[in-house]
Amino acid sequence: GGYNPRGWASLGGSRPSIASFLFYQKLFTFQKLRVNRTGGMACGRDEFDQGIYFGSDAFAIPLQGNKPRNVASRLGYFFECGPENKSTLLPVKGEDAKVEELYVVAGVYAPGEDIPN
């Protein structure tokens with residue numbers, strides 16, 4: 001999974017944040033993968049007709065095309081590989097996977113509160 005504190009506004013470009021992170025489930029806990037310092041601030045495309053991207057390819061769910069449920073993950077450039085030196089968040093290295101469930105959690109801004117852009 002992933003967390004982007006800047007959210008997505010479908011305004012084009014990107015919404016980078018050094019506070020973004022990815023995570024994966026271990027046996028009884030979760031492992032957090034932080035933004036890699038060499039990759040710059042990590043958030044991918046913020047286009048109205050694109051899916052969900054963290055970095056250009058660290059965690060990507062395009063939600064379009066002939067395989068809209070495919071997910072890809074290649075760690076190392078935008079996000080660290082973590083203590084297990086993972087190269088992907090997916091079960092099989094080098095292969096894309098299919099999204100079975102997608103949960104999106106969104107925040108609510110108070111009246112008059114600035115929405116980050």
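All values below were derived from every heavy atom in this structure, side-chain atoms included, with hydrogens, water molecules and symmetry-related copies excluded.
Under the rule for a side chain to side chain contact (heavy atoms under 4.5 Å, CB included), the partners of Glu80 that lie at least two apart in sequence or sit in another chain are Leu33, Arg34. When the salt bridge (Lys or Arg N to Asp or Glu O under 4.0 Å) test is applied to Lys93, no partner is found at least two apart in sequence or on another chain. Shown here are the side chain to side chain contact (heavy atoms under 4.5 Å, CB included) partners of Pro62, two or more places apart in sequence or in another chain: Tyr53, Gln64. Checked against side chain to side chain contact (heavy atoms under 4.5 Å, CB included), Phe30 has the following partners two or more places apart in sequence or in another chain: Phe23, Gln25. Under the side chain to side chain contact (heavy atoms under 4.5 Å, CB included) criterion, Ala72 pairs with Arg74, Asp96, sequence neighbours left out.
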Q.
Would Phe59 and Leu75 count as a side chain to side chain contact (heavy atoms under 4.5 Å, CB included) here? Give the steps.
A. CA-CA 8 Å; Phe59 187 52; Leu75 300 173; over 6 Å; no
Q | Step-by-step side chain to side chain contact (heavy atoms under 4.5 Å, CB included) determination, Val35 to Phe79 | A | CA-CA 4 Å; Val35 172; Phe79 287 87; 3.9 Å; yes
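Think of Leu27 as one node in a network of Ile, Leu, Val, Met, Phe, Trp and Tyr side chains linked at under 4.5 Å; its network also takes in Phe28. Counting side-chain heavy-atom gaps under 4.5 Å among Ile, Leu, Val, Met, Phe, Trp and Tyr, Val92 is found in no cluster with other residues.
Applying the salt bridge (charged side-chain N to carboxylate O under 4.0 Å, His left out) rule to pairs touching residues 51-69 yields nothing, sequence neighbours excluded.
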In a table with atom names and distances, give each donor-acceptor pair under 3.5 Å that connects a side chain of residues 82-90 to protein atoms at least two apart or in another chain.
residue	atom	partner	partner atom	Å
Glu84	OE1	Tyr24	OH	3.2
Glu84	OE2	Lys26	NZ	3.3
Thr88	OG1	Ser73	O	2.8
Thr88	OG1	Leu90	N	3.1

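Residue Phe21 is not grouped with residue Tyr77 when hydrophobic side chains (ILVMFWY) are merged at heavy-atom distances under 4.5 angstrom, including chains of intermediate members. The cluster map of Ile, Leu, Val, Met, Phe, Trp and Tyr, joined by side-chain heavy atoms under 4.5 Å apart, puts Leu102 and Leu22 in the same cluster.
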